[in-house]
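Everything below concerns the one structure shown next.
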Amino acid sequence: MGRDASGEGLEDAFMRTLGLQVRYLAPGEAVVSGVVGEAHLNLHGTAHGGFLYALADSAFALASNTRGPAVALSCRMDYFRPLAAGARVEARAQEVNLSPRTATYRVEVVWEGKLVALFTGTVFRLEGNALPGVGEGLPSGQNPWPKEEG
């Protein structure tokens, strides 16, 4: 079973700078949240794509490193709707494929039950130990979150 994470020791310096927090962590899974602040806005007054990408990438990194050290091979992000300052947004990473040398993850960025953006990424798995203290997760490809409408 996964654990609710207080974030202590799990967020890196970049995540702390952006105000991102780890909410859940299990093998092949992670949930990271953040609030769109004034410093995260683009010239249109909505959440900067870089902020949303960093949120999704952080969940991707945590989920993939629960299986042992991993580095990104490729990533893609599609943006579907803008967010205003004050929006609490969440990135939900789920492993969709795991092999001995690579793994692929789907990260849904959601706000108030609506899909804001979709990130997919593949990692190269290095040899080594997984993140400490991570419990049992779901088998690869199972989605613990209900499908969101919208």
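Residues: numbered from 1 along the sequence shown. What you are looking at is a predicted structure, and each value in this text was computed from that prediction instead of being measured.
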Gap between atom [atom2] of [Y] and atom [atom1] of [X] - 0.5 Å precision:
X    : Y    : atom1 : atom2 : value
L118 : F80  : CG    : CZ    : 5.0 Å
T120 : R106 : OG1   : CZ    : 9.0 Å
F119 : S58  : CZ    : OG    : 9.0 Å
Y24  : L62  : OH    : CG    : 13.0 Å
K114 : L83  : NZ    : CG    : 11.0 Å
E95  : E29  : CD    : CD    : 8.5 Å

Minimum heavy-atom separation for [X] and [Y], please, with both atom names.
X    : Y   : value
D78  : R76 : OD1-NH2, 2.8 Å
A30  : A59 : CB-O, 3.5 Å
Y105 : S64 : OH-CA, 3.3 Å
P27  : T66 : CA-OG1, 3.3 Å
V110 : V89 : O-CG2, 3.3 Å
A103 : L98 : CB-CD1, 3.9 Å

### Query
Are V107 and F14 joined in one hydrophobic group, where the rule is that I, L, V, M, F, W and Y side chains link up if heavy atoms are under 4.5 Å apart?
yes
### Query
What do the steps show when you test V123 against R67 for side-chain contact (heavy atoms from CB on, under 4.5 Å), and what is the final call?
CA-CA 11 Å; V123 295; R67 300 289 193 188; over 6 Å; no
Validation: residues 43-56 side-chain donor-acceptor distances under 3.5 Å, sequence neighbours left out:
from: T46; atom 1: OG1; to: N42; atom 2: OD1; distance (Å): 3.3
from: T46; atom 1: OG1; to: N42; atom 2: ND2; distance (Å): 3.2
from: H48; atom 1: ND1; to: G50; atom 2: N; distance (Å): 2.7

Is the side chain of [X] donor-acceptor paired with the backbone N or O of [Y] at a distance under 3.5 Å, no angle test?
X   : Y    : result
R16 : E11  : yes
R81 : L115 : yes
E38 : A85  : no

#### Entry: Audit row: E90, W111, side-chain contact (heavy atoms from CB on, under 4.5 Å) steps and yes/no
CA-CA 7 Å; E90 191 172 81; W111 165 74; over 6 Å; no
### Task
Only counting residues at least two apart or in another chain, list the ones meeting side chain to side chain donor-acceptor pair (under 3.5 Å) with S99.
T102
### Message
How about CZ on R101, more than 12 heavy atoms from neighbouring residues, nucleotides or ligands closer than 6.0 Å, or not?
### Response
yes
#### Entry: Short side-chain donor-acceptor distance under 3.5 Å, R23 and S33
yes
### Task
Would you mind reporting whether M77 and D57 have side-chain heavy atoms less than 4.5 Å apart?
no
